[in-house]
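Below is one structure; the comments refer to it alone.
The chains referred to below are lettered A, B, ... by the order of the sequence lines, with proteins before strands, and numbering in each begins at 1. These numbers were taken from a predicted model, which means no experiment stands behind them.
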Amino acid sequence: MDFSYSEKEEAFRQEIRDWLAKHTKELPKWWFDRKLKRPDSDSREYHDFGIWWHKKLYDAGFVGLNWPKEYGGRGATLIEQVVFSEEMARAQVPGITNTIGIGWCGPTIMAFGTEEQKKRFLQPILKADEIWCQGFSEPEAGSDLANCQTKGVQDGDYWIVNGQKVWTSGGHYSDWSILLVRTEPEAPKHRGLTFFLLDMHAPGVTVRPLRQMTGAAEFNETFMDNVRIHKSMMVSERGRGFYVAMGTLEFERSGIGAAIGRENTVQDMIEMAKEMGKSKDPLVRQRMAQLYIEGNVVKYTGLRALSRQLHGMTPGPESGVMSAFGMEWNQRAYDFAMQIQGPYARLMRDSKYAIDDGRWQHSFLRSRGNTIETGTSEIKRNVIAQRGLGLPRE
Amino acid sequence: MDFSYSEKEEAFRQEIRDWLAKHTKELPKWWFDRKLKRPDSDSREYHDFGIWWHKKLYDAGFVGLNWPKEYGGRGATLIEQVVFSEEMARAQVPGITNTIGIGWCGPTIMAFGTEEQKKRFLQPILKADEIWCQGFSEPEAGSDLANCQTKGVQDGDYWIVNGQKVWTSGGHYSDWSILLVRTEPEAPKHRGLTFFLLDMHAPGVTVRPLRQMTGAAEFNETFMDNVRIHKSMMVSERGRGFYVAMGTLEFERSGIGAAIGRENTVQDMIEMAKEMGKSKDPLVRQRMAQLYIEGNVVKYTGLRALSRQLHGMTPGPESGVMSAFGMEWNQRAYDFAMQIQGPYARLMRDSKYAIDDGRWQHSFLRSRGNTIETGTSEIKRNVIAQRGLGLPRE
Amino acid sequence: MNFELGEEQVMLKTSAREFLDKECQKKHVRAMMDDEKGYSPELWKKMAGLGWQGLAFPEQYGGVGSSFLDLVVLLEEMGRALVPGPFLATIVHTGRAILLAGSEQQKKEYLTRIANGDLVMTLALTEETGGIEAADINMKAKAADNHFIISGKKLFVPDAHIADSYVVVARTKGGVRKENGITLFLVDAKTKGIKVEMLKTMTGEKLCTVVFDNVSVPSANVLGTVDKGWPVVKQVLEEAIIAECAWMTGGARWVLETTIDYAKSRIQFGHPIGSFQAIQHKLANVAVEVEGCTSLTYYAAWTVTENDPNRTVAASMAKAWVSDSYKHATFEGVQIHGGIGFTWDHDMHLYFKRAKHGEIAFGDGDYHREKVAQLLKM
Amino acid sequence: MNFELGEEQVMLKTSAREFLDKECQKKHVRAMMDDEKGYSPELWKKMAGLGWQGLAFPEQYGGVGSSFLDLVVLLEEMGRALVPGPFLATIVHTGRAILLAGSEQQKKEYLTRIANGDLVMTLALTEETGGIEAADINMKAKAADNHFIISGKKLFVPDAHIADSYVVVARTKGGVRKENGITLFLVDAKTKGIKVEMLKTMTGEKLCTVVFDNVSVPSANVLGTVDKGWPVVKQVLEEAIIAECAWMTGGARWVLETTIDYAKSRIQFGHPIGSFQAIQHKLANVAVEVEGCTSLTYYAAWTVTENDPNRTVAASMAKAWVSDSYKHATFEGVQIHGGIGFTWDHDMHLYFKRAKHGEIAFGDGDYHREKVAQLLKM
């Protein structure tokens, strides 16, 4: 057991630091100053800002760290990925964009796609020249993905797809989507789905913003009305779609960036508590310390999971466990941030007297989606219990 | 809505107060002074003390308040029962003994028993001349009572009973027990049980103390080896035992005494915290206040349930709800009491420096049984959800 | 003793529910979030027609003469419907203050107009500290002959932009004992030197800053006794707290019921999600909490009606419990609804935000637990 | 970087598990609860034969020369087996103090004998306040020529009744800065004037009061520098805290595993109770907590091994988390076992009580959270 880094890893760290030292100052002022106004998270401006920064990272060789070199990635070790996340979080700079493409769609194509698909799609994903989104959830298929109702009927070399997806994250700026379609209506639920790559600009695809309780519309509903998808856009075989999708969902990020992000959040909250004159309140101190401790639990347990991976062991319960816990951490943290503000917590962005231009209020509201969007807390606990702890299904 | 008492109720209150003013001083010193040693809760001495006080209450007409007059009770209104509980708790005197007999067995006999059974058993129950216990639980039938394995085979006018019961509360001082026996092994689980009254002194009955984590043995295992029970001791019909038992479990006390007992516990804890120099600690103050508030939630919600009963309405979710919550309150309270004591919490009864001769330690350990013994918290929440809130069974 | 609603209370509750189901649908609530005024004067008039504004005022001032407890029954329904507008501000925060401390003439003048629906009022209490202790009141009112000059800034004043008149809490005397030297004033909103600015809130409810720049108020407009205003504020705060609890309890119950209904009908994995034990236990816990809200709020309201000495502790107990419970109910409400509960279009977020708003109003759970600890003489 | 146990650590862990499964069954643990000594000198010798007592001491003092991290691996197994006896007191609370502050001669003399299993020691630290801050140390040691005279009372001293020798923390100088003026002494238990009295504990572990009545201790027995003892105590406390966390983590994991096994095999309503969602989620939560115990404890142990500046905050984080988690695991452990888990005969209560004991030892969760807040410069 050793919590220190090798020389090679430290050299990589230095490379990142040098780069950051040079480029961080190019970031807009509002990124660093929580008192300043920032663009809406669902705005074109914010999206373009993300792409601009992404391309800088790409040029520096910091995108697709974990992707094999043959696909344009860096082929970095897990530890190098940790080092990168650490430095990015410590510098408090933005991460990459096109995260669904790089984190989920690309790896799925690498694992299950054809040579053609790899050639066509991987490079533009990395460069964020094509933005990807995910089309799994439907109104009647939330936690229960196998209940997917979107229908696909074969018509020569094409599939005619009709149906509706919800919670398409960033759908309005997306060029492509991974898509789950029911192609074998007679087969058992889990065996009747097929996995496709969908051109979001194809005729018949309509994207409608889905406004969240924050007031923003990060997500979309996607309607497909007789959309034609060429058979070359099928991933794996007919009827295997559910299993491909389950594979996709396993490509979870290590969560190390998020862990260090939590330390930043606690630091920001401490600053805010000081400004509100609350940092000496013993109750505030207890909760703040608890959040900090919990953040470290997620961080070090995440690193342990990584270690197991690194040594070729299957991840223990500690990996899934932390996903639910980390999401709930956000909710506790932002609720607490609101509490610190007292009556000021009621004020939103653009209001006079709003603390830090209402960013805590936004985070408070946004965080309620965290325990729903990538699998509910309840489903995650089922998985921990059944897969991690080996408890029987009923 | 009116939280005040009628003149008649106030007169009854005065009667109780007068009686208490006279008789409270007869109680032993250790009852009131938490610094003094008290007999073990499972000792003969403590049992005899309970009987002695019970008979005083009986002579004063304060036992079986809710029992109809024809069965020797007082036929008191629900509110009068509340008044009695309030005064008893406020005076911090012991309650009645033979609680299972009076709260469960007697009412079951009144509701389901024969005339003969009523004549034979009710009076001695009230007077605590015969102590009763309950024989429902078995090693393989805890939450799942219908899984009862104790077997009864008919032999002329008798039933020959073989099997084992666990968690027979106070079995070692009991004269009679209500008993659940499987008499129809071929019938569906819930329809194969019969309800009997068992003479605990009958040949073949062996009682073995079941030591709890507190070190005391309030409970017992009861073994029945070819015990002969006369058919006149059957309650209701063959095969109806499960339903009689479910009826028995409904005779729950209003819990008002317990509610006011909680206020006493908080007061004692405040005293203790002051003595430990902890009462100014903001964290201690928060938790203490929260316990006090929760105690009041249980109290007033209990009174609301009572009101509904009083007006002939079926109890809403608020009745069952509070049972689980109240039991868990004990666990939170005593865990907190331990925390207040810091390093002293490790010391037990009879140890030098033990706070209040270790009564908090005992309560801390004992309270863990609370969420198991009258139905687990989990079962209670199922019941609330399914019966109280109308959620579907799976 | 009876912990159930009386017959008239049940009638009041039922008719209020029916009225609001019709007149105050969520469409209206949503429209008012973006509305400049933030309420519908027509609805306000209709409510006055039903006697709601005057419900708990004596008949001689145009009221119905019902008890505070009856008012709480109504407020619960209003909170359930999320009725937008200055009801609490007008009826409880200021109306009750006038009833408590006003001269006969003031009561006649103000309460009658409130009861008729002709007057909207609000309480200008909190300042930049946001606190509700006597020490938080620093706005100065200087005595001159026959009038006072008020200067300073009030923050988080609900509905000040539409109020015809304010009750202003100001300091008329310095000194160590902060409870001394506070005076209440009835101030016409149109008085020269008053500037109102609207803040933007999470719920869309209207909170304002009100700046007083050498505002002259006639001495006749003092409410109660000069320098002796704090006990009045304290009592009004208790009633405001209990009213807030009633409002929140109504909302919490909507959340519970709506979520139970959803859990019964939403199918995943071939079963209604309400049949899953995790959902059942979550809802059982929320039910415990909501029942507790009702119990403590009604008990507290009763202590006000009876002027019972337990009033202060009852109010703090209720607020601590309801603050946590309503919020928790909406947390679980969103979670159990899943994605749909996180959307703008579903009504759950309206309650979610109102719960947070209510948690903060007049002191959160921690604040009131500390109050309870003080009252327990810890 | 590697967060997994190394090969030798796995071997140590496996062999410790095997040894203790055989030599320290629950029968033995229970027997020692009532035993006068509270430990088995035979087992003690056997452990010494395996090199456990000297594991983390340098070879020149008869030790194995392994790291603190390795010791933590062993302690986790010992905590899992609930090994009764003065291991923590001898090896960590005092042995580590001697290693840190002792003269070459003291180290040779004491550590060698500890490693051989010939010496049992304990730390006489806390007094009637029960606290572990410098201000809690009030026992006086007065300098005379060539010796010190110690008088006062120590409370909650583990295993003092069997210790051959104590490290006594006493005040040699008054003054405002309580951290100054504290000195550590090596005191032979048989010195005239020492009176030991056993207390009765919930776990059956042995805690004692030790009264010092004008006990004379040669100046040569000062451990470290006169008046400068507190930094040594602070560091020893950090190590003691982490050791306690390791011990507790081992127990917590036993509770988790045992309860999972029970939930798989116990049938109610025709199904293993582990198939019910309520039980699954309870156990998932406990698993989160126990994994956190391992993560934070190992990280903290690593900071000690590396003398990393984060040591202080790492120790407090671990103790806050482990204190709450172990206790919670046993709460759920009892609950999921139902009636049987509440009996004396089932082993669960041994862990339940040890969890409470551990929660309290060296500061509970609240205490360490406040420490963390201080270290975060709040």
Looking at R287(A) and D366(C), is there a salt bridge between them, counting it only when a charged N and a carboxylate O are closer than 4.0 Å?
yes

Got [X] and [Y] here, is their nearest side-chain heavy-atom distance under 4.5 Å?
X: N147(A); Y: F269(C); answer: no
X: M338(A); Y: K327(C); answer: no
X: M348(A); Y: K353(C); answer: no
X: T209(C); Y: Y353(A); answer: yes
X: L347(A); Y: K200(C); answer: no
X: R346(A); Y: T203(C); answer: no
X: I360(C); Y: Y344(A); answer: no
X: D335(A); Y: K356(C); answer: yes

Are more than 12 heavy atoms from other residues, nucleotides or ligands located less than 6.0 Å from atom [atom1] of [X]?
X: K151(A); atom1: NZ; value: no
X: K234(C); atom1: NZ; value: no
X: R191(A); atom1: CZ; value: no
X: K264(C); atom1: NZ; value: yes
X: K274(A); atom1: NZ; value: yes

At a 4.5 Å cut-off on heavy atoms, which part of [X] comes close to chain C: side chain, backbone, both, or neither?
X: S377(A); value: both
X: E140(A); value: both
X: R381(A); value: neither
X: A141(A); value: backbone
X: L145(A); value: neither

Between [X] and chain A, with a heavy-atom cut-off of 4.5 Å, which part of the residue counts as in contact: side chain, backbone, both or neither?
X: F331(C); value: both
X: E205(C); value: neither
X: L155(C); value: side chain

Most heavy-atom pairs under 4.5 angstrom with chain A, which of [options]?
options: V334(C), T129(C), D345(C); result: V334(C)
options: G131(C), G270(C), G338(C); result: G338(C)
options: K282(C), E359(C), M348(C); result: K282(C)
options: L199(C), T126(C), I340(C); result: L199(C)
options: H357(C), H349(C), Q335(C); result: Q335(C)

Aromatic F342(C) / basic R368(A) pairing, under 6.0 angstrom, 45° off normal
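No - R368(A) does not lie over the ring of F342(C) by the 6.0 Å and 45° rule.
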
Just so I understand: if I count every heavy-atom pair under 4.5 Å between each of L283(A), D350(A), V166(A), L365(A) and chain C, which residue has the most?
L365(A)

S323(C) OG to Q339(A) CD distance, which is reported to the nearest 0.5 Å
9.5 Å

Exam field: side chain Q268(C) to backbone G142(A), donor-acceptor pair closer than 3.5 Å:
yes

